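One structure is given below, encoded as C-alpha cells.
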Protein chains: 2
Amino acid sequence: MAKIRQGPSALEIVRTRSLASLVGQELEAMILDGRLPAGERLNEQQLALRLGVSRGPVREAVRGLERSGLVVSVRNQGSYVRSISAAEALEIYDLRAALTGFACARLAGAATAAQLRELEALVQRMEAAREADAAPAYYAANLEFHAALLTHGGGPRGLRIYEDLGNELHLFRRRALVEPENMRESNAEHAAILAAIAAGDAEVARAAGEAHIAGGKRRFQATDASQPAARPPVRPAGPRRTGAGRREGAG
Amino acid sequence: MAKIRQGPSALEIVRTRSLASLVGQELEAMILDGRLPAGERLNEQQLALRLGVSRGPVREAVRGLERSGLVVSVRNQGSYVRSISAAEALEIYDLRAALTGFACARLAGAATAAQLRELEALVQRMEAAREADAAPAYYAANLEFHAALLTHGGGPRGLRIYEDLGNELHLFRRRALVEPENMRESNAEHAAILAAIAAGDAEVARAAGEAHIAGGKRRFQATDASQPAARPPVRPAGPRRTGAGRREGAG
DNA sequence: CCCGGGCAAACTGTTGACAGACTGCACTTG
DNA sequence: CAAGTGCAGTCTGTCAACAGTTTGCCCGGG
C-alpha cells in the first residue's frame with residue numbers, strides 16, 4: 001500500500017515553501033500523470049486562475065520546469081509541455097542504463113547489510129505483486145527499487161538525474177508500461193542485479209543493471225511498435241494558438 | 001584563439017530571448033567565473049538594478065538556476081550561490097566518469113570519420129598548447145574535447161548532464177585545474193581514449209574514459225589537499241543578512 | 001556584565017496593471 | 001476565385017506597488 005505521506009503540517013508547508021515551488025510541484029504532477037499532455041500549451045492566466053494564484057508564481061514555476069526539461073518556452077508565444085520523439089526516448093533509456101549500471105557497480109561490495117535487506121524486501125514485494133497480478137503495486141515497488149539502487153549507489157545527484165530522465169520518458173506517450181509477462185521478466189532481472197551486488201562483483205552487477213534497463217528499452221520498443229498511438233504531436237517550434245482572433249460570430 | 005561568436009544579431013536576440021533567460025545566462029556566467037562566489041547571497045533588487053531590469057525576470061532566472069543546482073533558495077530569506085562539499089565534488093567526479101565511459105563506449109565502433117578527425121584535431125591542439133605551456137588554450141580545447149565526446153557519444157542529454165555536473169563542480173572552489181605536469185598526463189589519457197574509440201573496442205574505450213575522469217579526480221584531490229583555500233563557506237541553511245537594521249547613526 | 005523585549009529597516013513574496021507581439025478572421029483587390 | 005491587407009482579440013513580457021516576514025540594533029532589567 002502506498003503510505004499516506006503525512007509529512008509536514010499545512011502550516012509548515014506554507015511557512016517553508018513558496019507559492020512558486022508549490023505551483024511547480026503541481027504542474028509537474030499534472031504533466032507526469034497526463035492531465036497536461038505532451039504538446040499542450042500552458043496558458044499562464046488560466047493556470048493562475050485555476051490554482052488560485054497570480055501569474056508571477058506560475059511564471060517562476062514554468063521557468064523551473066523549463067530548466068528541468070519538461071517544458072519548452074517560446075518568447076511571446078507561450079510555453080508547451082515538451083514532447084519527445086521515439087529516438088529521444090531510446091536515447092534516454094541508454095543513459096538510464098549507464099547510470100543504473102554505474103550505481104550497481106558501485107553498490108557491489110559497498111552495500112551495507114541494511115541496504116541489501118531493503119533491496120531484497122523490494123524484490124519480494126514485486127514478486128508478490130506479480131503473483132497477485134497487481135500491476136500498480138508492482139509499478140510502485142519497481143520505482144522504489146530503482147530509487148534505492150540509485151540513492152545508495154549513485155548518491156542524491158545520481159538519483160536526481162535518473163528521475164529527471166524518467167520524467168522525460170513520461171513525456172513520450174501515456175501508456176501502462178507493465179504487463180504480466182513483463183513483470184516476470186523484469187523481476188528476474190531485479191533478482192539478478194541484487195545477487196550480483198550481494199556477491200560483490202562490480203562488473204557483473206554493472207552488466208546486470210545495464211541489461212535490465214536495456215530489457216526495459218526492448219519491452220518499450222515492442223509495445224511501442226504495436227501501438228503507434230498518439231500522432232507526432234504538435235511541434236513545439238510553432239504551434240498555432242488555440243483561441244485567438246474573433247470568437248463570437250460575425251453576424 | 002577563441003572565435004568571436006558572432007551568433008545572432010542583437011535584434012535577433014531581443015526578438016527571441018526573454019529578459020529572464022538573458023539574466024539567467026548572465027547570472028550563470030557570474031557564478032561560474034567566480035564573480036558570485038559560492039555562498040554569496042543573491043539580492044534581487046541589487047541584481048535587478050545592476051542588470052537594468054525589474055525584479056520579475058531576476059526572480060524567474062534565479063528559479064531556473066535553482067532547478068539546475070547552482071542556487072539554493074530559502075523562503076523569506078533569499079537565494080544563495082550553492083556551495084558543495086569535497087565529498088560531493090568527488091561524487092560528481094564519479095558520475096562524470098560513468099557518463100564519459102558510457103559516451104566513449106558508445107562512440108567506439110559508431111564514430112564517424114569526421115568525428116574521429118575532430119577528436120584527433122583537438123588532441124593535437126591540446127598537445128600544442130601543452131608544449132607552449134598555454135594553460136588557458138589547453139583548458140579550452142579540453143572542454144571542447146569532452147563536449148565532443150559527450151555530444152557524439154551521449155547525445156544532447158548526455159552533454160547537458162555532463163555540463164551541469166561540471167558547473168556544479170565549479171561551485172566547490174575557484175581554482176586553476178591545469179598545471180604543466182597535469183596537462184601531459186591528461187592529454188596522454190585523451191590520446192588513449194581516442195585510440196580505443198578508433199580501434200572500435202567499446203570496453204577499452206569505456207575503461208579509458210572512466211580512467212581519465214578518475215585521473216582528474218585524483219589530480220583534484222592532490223591539489224585540493226595542498227590548498228585548503230577558501231574556508232568552509234557560509235552555510236546556505238541560514239546565513240545572516242548583511243545590511244539590515246539601522247543604517248544611519250542613531251542621533 | 002549578560003539577557004530578553006521592542007522597534008525599525010530591508011528584503012522577499014505576491015499581486016495588479018500596462019505595453020508590445022502574435023494570431024486569426026474578414027474584407028478588399030487583381 | 002486567390003492573394004494580400006487591415007483589424008480586433010488574446011496572451012505574454014515587464015514593471016511598479018503592497019503586504020508580510022525576517023533580521024539586526026537599541027534599550028531596559030536582572
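Labels below follow one simple rule: chain letters A, B, ... track the order of the sequence lines, proteins then strands, and each chain is numbered from 1. Here the structure is a predicted model, which means the values were calculated and not measured.
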Task: Between P of D:dT14 and CD of B:Gln45, the distance in whole Å - done: 19 Å
TODO: Indicate whether OP1 or OP2 belonging to D:dT10 is found under 4.0 Å from a side-chain N or O atom of A:Arg41.
DONE: no
Open item on the list: Output the rounded distance in Å from CG (A:Leu49) to P (D:dT10).
Closed with: 15 Å
Open item on the list: If you compare every side-chain N and O of A:Asn43 against the phosphate oxygens of D:dT12 (OP1, OP2), does one of them come in below 4.0 Å?
Closed with: yes
Open item on the list: Quick check against the 3.5 Å criterion: does A:Ser68 have a side-chain atom that pairs as donor or acceptor with the backbone of A:Leu65?
Closed with: yes
TODO: Taking all non-hydrogen atoms of both residues into account, name the closest pair between A:Ala61 and A:Ala20 and its distance.
DONE: CB-O, 3.5 Å
Task: Nearest non-hydrogen partners of A:Ile92 and A:Glu168, listed with the distance - done: CD1-CB, 3.7 Å
- [ ] Could you tell me whether the side chain of A:Arg41 and the main chain of A:Gln77 form a donor-acceptor pair under 3.5 Å?
- [x] yes
Task: Closest contact, heavy atoms only, B:Arg17 versus B:Ser21 - done: NE-OG, 3.2 Å
- [ ] Take the angle between the ring planes of A:Tyr93 and A:Phe220 and call it parallel below 30°, perpendicular above 60°, tilted in between.
- [x] tilted
Below 3.5 Å between N/O atoms, which protein atoms pair up with nucleotides 13-17 of chain C? Just atom names and distances, please.
residue, atom, partner, partner atom, Å
C:dG13, OP1, B:Asn76, N, 3.4
C:dG13, OP2, B:Arg59, NH1, 2.5
C:dG13, OP2, B:Arg59, NH2, 3.3
C:dG13, N7, B:Arg55, NH2, 2.8
C:dG13, O6, B:Arg55, NH1, 3.1
C:dT14, OP1, A:Leu19, N, 2.9
C:dT14, OP2, A:Leu19, N, 3.3
C:dT15, OP2, A:Ser54, N, 2.8

